[in-house]
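To start, the structure itself, in structure tokens.
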Amino acid sequence: MRRAVFALLLTASCAPPEATTPAPKANEPDPPPAASTWQPAEGREMLGTPAPEFSGLSDWTNSEPFTLAALRGKAVLVRFWTTGCSLCRHTAPALNDLDRRFRGKGLVVLGIHHPKEPASREAAYWRSAAQRYGFTFALAQDQEWATVNSWWLERETKHSFTSATFLVDRSGVIRWLHPGGEFFDAEGEPGDAYRSLLTAVEKAVAGEAVK
């Protein structure tokens, strides 16, 4: 009998205490959502570095020609794209929405096309694709890939896509980049990237213009 009582007491002493849940406080607001931790899989070493000047751009559409230097004091969102690219088409609504929402606040969106097939070297061909994608912002042709090379492909690391996206702040520094593929308002990685870009754009347009 003593042995049974001792075993019962030993079991009770080793059992973990029951978890207690504190009662919620009345009218206490929900905690704010955690900040986005999305980071580009490639190209992180370029963040915080000056963006190169545009080179070799032609066939400007929806805009007069401009240089990056001439845009100093504005935030600039550059998307490299190609015809026949489903990922570029999926990203088009997000780019158009950012252009619509932030153009009046100091954001310039520029889509730079770099041809991957002979037909897309013709302005009429790639402009038709841009119309299908619904692009409403400034566009230009990078006929010999001069700008996409200097901005992205000639960097030291190898990249998986050519259709990268860069956000340059008002002082000409790269503050956000997407290494290619798609981003849009949704769940999962494309949505995480889009929300990260939205936050970066809001910060970029809120910054003081360089004088």
Side-chain angles (χ1 to χ4, degrees), residues 38-85 87-92 94-96 98-99 102 106-117 120-121 123 126 129-130 133 135 137-183 190 193-194 196-198 200-201 203-205 207 210:
W38 184 89
Q39 290 290 329
E42 301 171 359
R44 295 186 194 182
E45 70 281 357
M46 298 177 61
L47 297 174
T49 66
E53 182 54 84
F54 303 139
S55 177
L57 299 186
S58 61
D59 296 330
W60 286 80
T61 304
N62 300 334
S63 171
E64 294 296 323
F66 52 71
T67 64
L68 189 63
L71 295 177
R72 187 64 61 90
K74 292 182 177 291
V76 184
L77 181 63
V78 175
R79 168 74 185 204
F80 293 100
W81 66 282
T82 64
T83 58
C85 171
L87 303 176
C88 300
R89 184 176 69 251
H90 296 164
T91 302
L95 297 174
N96 286 328
L98 290 170
D99 176 52
F102 294 99
L107 178 70
V108 175
V109 180
L110 172 61
I112 300 179
H113 176 260
H114 52 293
K116 284 191 173 182
E117 62 261 3
S120 63
R121 297 179 68 85
W126 69 260
Y133 294 168
F135 289 155
F137 41 82
L139 302 169
Q141 172 84 321
D142 190 8
Q143 193 79 293
E144 305 304 328
W145 290 37
T147 295
V148 72
N149 279 331
S150 65
W151 278 58
W152 185 234
L153 299 178
E154 289 179 348
R155 298 287 175 154
E156 294 180 3
T157 55
K158 184 177 180 180
H159 301 304
S160 303
F161 296 93
T162 63
S163 54
T165 304
F166 295 81
L167 177 66
V168 180
D169 70 10
R170 293 177 183 266
S171 61
V173 174
I174 298 170
R175 294 302 179 189
W176 186 94
L177 70 85
H178 190 278
E182 58 190 4
F183 53 84
Y194 169 76
S196 174
L197 172 57
L198 180 59
V201 168
K203 290 181 179 179
V205 298
V210 175

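Separation of atoms CZ (R155) and CG (N149) is listed at 11.5 Å; rounding is to 0.5 Å.
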Using residues 49-58 as the side-chain source, report each donor-acceptor pair under 3.5 Å to any protein atom, sequence neighbours left out, with the distance given to one decimal.
residue	atom	partner	partner atom	Å
T49	OG1	M46	O	2.5
E53	OE1	A69	N	3.1
E53	OE2	L68	N	2.7

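For the ring-ring contact (aromatic ring centres under 6.0 Å, His included) test, residues two or more places apart in sequence or in another chain that qualify with W126 are H113. Residues meeting the salt bridge (charged side-chain N to carboxylate O under 4.0 Å, His left out) test with E144, sequence neighbours left out: R121. Not counting sequence neighbours, the partners of W176 by the ring-ring contact (aromatic ring centres under 6.0 Å, His included) test are W38, F183. When the ring-ring contact (aromatic ring centres under 6.0 Å, His included) test is applied to Y194, no partner is found at least two apart in sequence or on another chain. Residues forming a salt bridge (charged side-chain N to carboxylate O under 4.0 Å, His left out) with R175 (at least two apart in sequence, or on another chain): D169.
The aromatic rings of F135 and Y133 lie perpendicular to each other, with more than 60° between the two planes, well past the 30° mark. Note on ring orientation: taking the six-membered ring where Trp is involved, the planes of W152 and H159 are parallel (angle under 30°, cut-offs 30° and 60°).
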Item to complete: Take R72 and K74 through the side-chain contact (heavy atoms from CB on, under 4.5 Å) test and state the conclusion after the steps.
Response: CA-CA 5 Å; R72 187 64 61 90; K74 292 182 177 291; over 6 Å; no
Practice prompt. Apply the test side-chain contact (heavy atoms from CB on, under 4.5 Å) to residues V78 and I112: give CA-CA distance (whole Å), side-chain angles for both, the deciding distance (0.1 Å), then the verdict.
Written response: CA-CA 7 Å; V78 175; I112 300 179; 3.7 Å; yes
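Side-chain contact between F80 and T162 is absent, with no heavy-atom pair separated by less than 4.5 Å.
Between the side chain of Q141 and the backbone N or O of S120 there is at least one donor-acceptor pair closer than 3.5 Å. Side-chain atoms of R170 come within 3.5 Å of backbone atoms of G207 as a donor-acceptor pair (strictly under, hydrogens ignored).
Scanning both residues, L77 and L95, for their nearest heavy atoms gives CD2-CD2, 4.0 Å.
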